[in-house]
Each structure stands twice: as C-alpha cells, then as structure tokens.
Amino acid sequence: MISLEKPIGSRLNFTDSEETLVSEFMELVQDILHIDDVQELRDYVQHCKTTRLQHCVNVAYYTFLISRRLNLNVRSATRGALLHDFYLYDWKNNEQPIEGRHSVVHPQVALAMARQSTAVDPIMEDCILNHMWPMSRQRPQTKEGWVVQGVDKLCAAMEMGTQSARRLSPVKLKALMVSAIAARY
Ligand SMILES: [Fe+2]
Ligand SMILES: [Fe+2]
C-alpha cells in the first residue's frame, strides 16, 4: 500500500492497513496514487502549507465519507474528487497552458490529465469539470458533483486555517455536508 499523509482533521491512522475505513478508501484510489504525474502534485503548493496532492487527498477522503453515507456512487465520487485539481503548473506564475480564467481553465486541464491517466466515467467528469461552481458557469449535474464542489470549498477553508474552519471537526463537517446535500435533494 502506498504511504499517504492522513487527511486534514482525520483521527484515523493512515499507516494502519487493518483500519477498515482506510483500506476501503485506499482500495478505491490506490492505482491513481501510483501514477507518477499524480505524485508530482506534491511539488505544488495549493493552500498555505498544503500541497496540491494533500488537498486532493483531503477532498477525496471527505467525499468518500459523505458519498458512502448518502449511498451515492462512492467509487466515482472519490476518484473524481482525487483528480479534481490534477494540473501540473503554477497559475500564479503565469504557467497556465491555455488562456482564460484559472477557475474555468484548471478543471478542463484536470479532466484532460485524468483522461490520459485512467478511465473517466460521466460522474467523475462532472466532479472534476464542475467543482469550481459558482466561479464557473456550469453547476454540477450529479449528486456526487455537488458533494465534491462543497467538500472542495470546506477543505480549502480548513487548509487556509480560517477561524470558522478551525471550529469544524470532521464530524461537524460531515454533518454539515450531509444536511446540505439532503436539503438539495
Ligand atoms: Fe480547483
Ligand atoms: Fe480543489
């Protein structure tokens, strides 16, 4: 099993392969984590001290927990979440490969990268392509896509260490997301 820093806020031991939740999560994402380009996400800073790989793992793990609780397509949601920010450039240094606003361009780049690396089903595509809503025009089309766009924003807040995010334990985060999704559907 590939070693992984544990998701932000999690109390589980991610080095313990006997931990059921950890092994269930790793089973879903292990092949993606072995891809060299995905490992390269470690070289980019996403928010403050959080690398892009760690951010993607954070979003994937909480998406996994929530979609599991809501009986959604856990595999597609988790894999889509892991690949939602799969781009290898620093947009702040003007390294973006195509023109346009970062919030619109990077999901498209991430989707193209994901397609080069693994099979991408329509749910994964929605999770990747529409995670920036409402900064991008198209809103998520699937329940899984809604989970990813919400978890992405909450993880970003936690990674940036905002006061409100610090008060969010993983349990509260889950409850918040479950009620938000349940209210929508
Ligand atoms: Fe993003
Ligand atoms: Fe993100």
Side-chain angles (χ1 to χ4, degrees), residues 1-10 12-17 22-65 67 74-133 135-136 144-145 147-161:
M1 194 191 277
I2 198 165
S3 69
L4 188 68
E5 283 180 53
K6 71 177 178 180
I8 189 168
S10 174
L12 295 182
N13 178 2
F14 268 71
T15 58
D16 182 4
S17 56
V22 173
S23 59
E24 208 181 300
F25 175 69
M26 290 304 286
E27 180 101 17
L28 294 174
V29 296
Q30 200 155 197
D31 62 311
I32 293 178
L33 290 171
H34 276 99
I35 296 168
D36 289 343
D37 281 345
V38 171
Q39 283 299 315
E40 216 182 297
L41 292 171
R42 282 183 200 279
D43 299 339
Y44 295 88
V45 173
Q46 188 74 355
H47 301 121
C48 302
K49 292 178 181 167
T50 305
T51 68
R52 194 167 297 153
L53 180 61
Q54 183 67 58
H55 167 69
C56 288
V57 168
N58 294 339
V59 176
Y61 181 64
Y62 288 106
T63 294
F64 162 73
L65 293 182
S67 52
V74 182
R75 179 181 161 84
S76 295
T78 305
R79 290 170 72 85
L82 183 60
L83 295 167
H84 83 282
D85 276 333
F86 189 18
Y87 59 98
L88 298 170
Y89 58 84
D90 188 345
W91 64 278
K92 288 178 188 156
N93 291 342
N94 296 320
E95 294 169 3
Q96 190 171 286
I98 43 177
E99 280 201 22
R101 280 210 328 268
H102 171 66
S103 59
V104 174
V105 167
H106 81 269
Q108 295 168 8
V109 174
L111 180 59
M113 294 278 291
R115 284 200 170 120
Q116 281 169 24
S117 308
T118 188
V120 175
D121 65 24
I123 291 176
M124 289 172 69
E125 178 178 331
D126 186 49
C127 293
I128 297 168
L129 209 48
N130 298 320
H131 77 269
M132 287 303 290
W133 188 84
M135 274 88 88
S136 59
E144 292 82 358
V147 173
V148 171
Q149 74 82 26
V151 171
D152 181 39
K153 286 159 187 70
L154 286 166
C155 284
M158 285 167 73
E159 291 157 11
M160 288 188 277

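Given the structure is predicted, the values throughout are model-derived calculations rather than measurements.
- In this structure, the side chains of His84 and Cys56 come closer than 4.5 Å at one or more pairs of heavy atoms.
- Taking CG of Asp85 as the start and CG of Leu41 as the end, the distance is 8.5 Å to the nearest 0.5 Å.
- Here Glu40 pairs with nothing under the salt bridge (Lys or Arg N to Asp or Glu O under 4.0 Å) rule; sequence neighbours left out.
- Contacts of Glu24 classified as side chain to side chain donor-acceptor pair (under 3.5 Å), with partners at least two apart in sequence or in another chain: Arg68.
- Looking at residues two or more places apart in sequence or on another chain, you find a side-chain contact (heavy atoms from CB on, under 4.5 Å) between Ala81 and Val59, Ala60, Thr63, Val148.
- Partners of Thr50 according to the side-chain contact (heavy atoms from CB on, under 4.5 Å) rule, which considers only residues two or more places apart in sequence or in another chain, are Gln54, His55, Asn58, Glu159.
- By the ring pair (Phe, Tyr, Trp, His ring centres under 6.0 Å) test, Tyr87 is found to be paired with Tyr89, His102, His106, residues two or more places apart in sequence or in another chain being considered.
- Looking only at side-chain heavy atoms (C-beta outward), Ser117 and Val38 stay at 4.5 Å or farther from each other.
- Pairs passing the salt bridge (charged side-chain N to carboxylate O under 4.0 Å, His left out) check and including a residue from residues 43-63, sequence neighbours excluded, do not occur.
- Taking every heavy atom of both residues into account, Leu82 and Ile32 meet most closely at CD2-CG2, 3.5 Å.
- Listed by chain and residue number, nothing satisfies the salt bridge (Lys or Arg N to Asp or Glu O under 4.0 Å) test with Arg101 (two or more places apart in sequence, or in another chain).
- Between the CD atom in Gln108 and the CG atom in Leu129 there is a gap of 6.5 Å [rounded to 0.5 Å].
- For the salt bridge (charged side-chain N to carboxylate O under 4.0 Å, His left out) condition, the pairs that include at least one residue of residues 109-122, sequence neighbours left out, are Arg115-Glu125.
- Residues Asp37 and Phe86 meet the side-chain proximity criterion, which asks for heavy atoms closer than 4.5 Å.
- Counting heavy-atom neighbours within 6.0 Å of Asp36 CG, excluding the residue itself, gives a total of 12 or less.
- Across Tyr62 and Gly9, no two heavy atoms sit closer than the pair OH-C, 3.5 Å.
- For the pair Cys127 and Ala77, the tightest heavy-atom approach, listed with the atom from each and the gap, is SG-CA, 4.2 Å.
- With values rounded to the nearest 0.5 angstrom, Ile35 atom CD1 is found 12.0 Å from Gln30 atom CD.
- To the nearest 0.5 Å, atoms OH (Tyr44) and CD (Glu95) are separated by 6.5 Å.
- Considering only heavy atoms from C-beta on, Leu53 comes within 4.5 Å of Gln39 through its side chain.
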Could you go through the side chain to side chain contact (heavy atoms under 4.5 Å, CB included) check for Leu83 and Met113 one step at a time?
CA-CA 9 Å; Leu83 295 167; Met113 294 278 291; over 6 Å; no
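- One N or O on the side chain of His131 and one on the backbone of Ile128 form a donor-acceptor pair closer than 3.5 Å.
- Across every non-hydrogen atom of Pro107 and Met132, the tightest pair is CG-CG, 3.8 Å.
- Under the rule for a salt bridge (Lys or Arg N to Asp or Glu O under 4.0 Å), Asp90 has no partner lying at least two apart in sequence or in another chain.
- The CG atom of Leu28 sits 10.0 Å away from the CE atom of Met26 when rounded to the nearest 0.5 Å.
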Going through the checks in order, is the side chain to side chain contact (heavy atoms under 4.5 Å, CB included) test met by Val29 and Tyr61?
CA-CA 10 Å; Val29 296; Tyr61 181 64; over 6 Å; no
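- One finds the CD1 atom of Ile123 at 10.0 Å from the OG atom of Ser67 (value rounded to the nearest 0.5 Å).
- Judged as a side chain to side chain donor-acceptor pair (under 3.5 Å), and not counting sequence neighbours, the contacts of Thr118 are Arg79.
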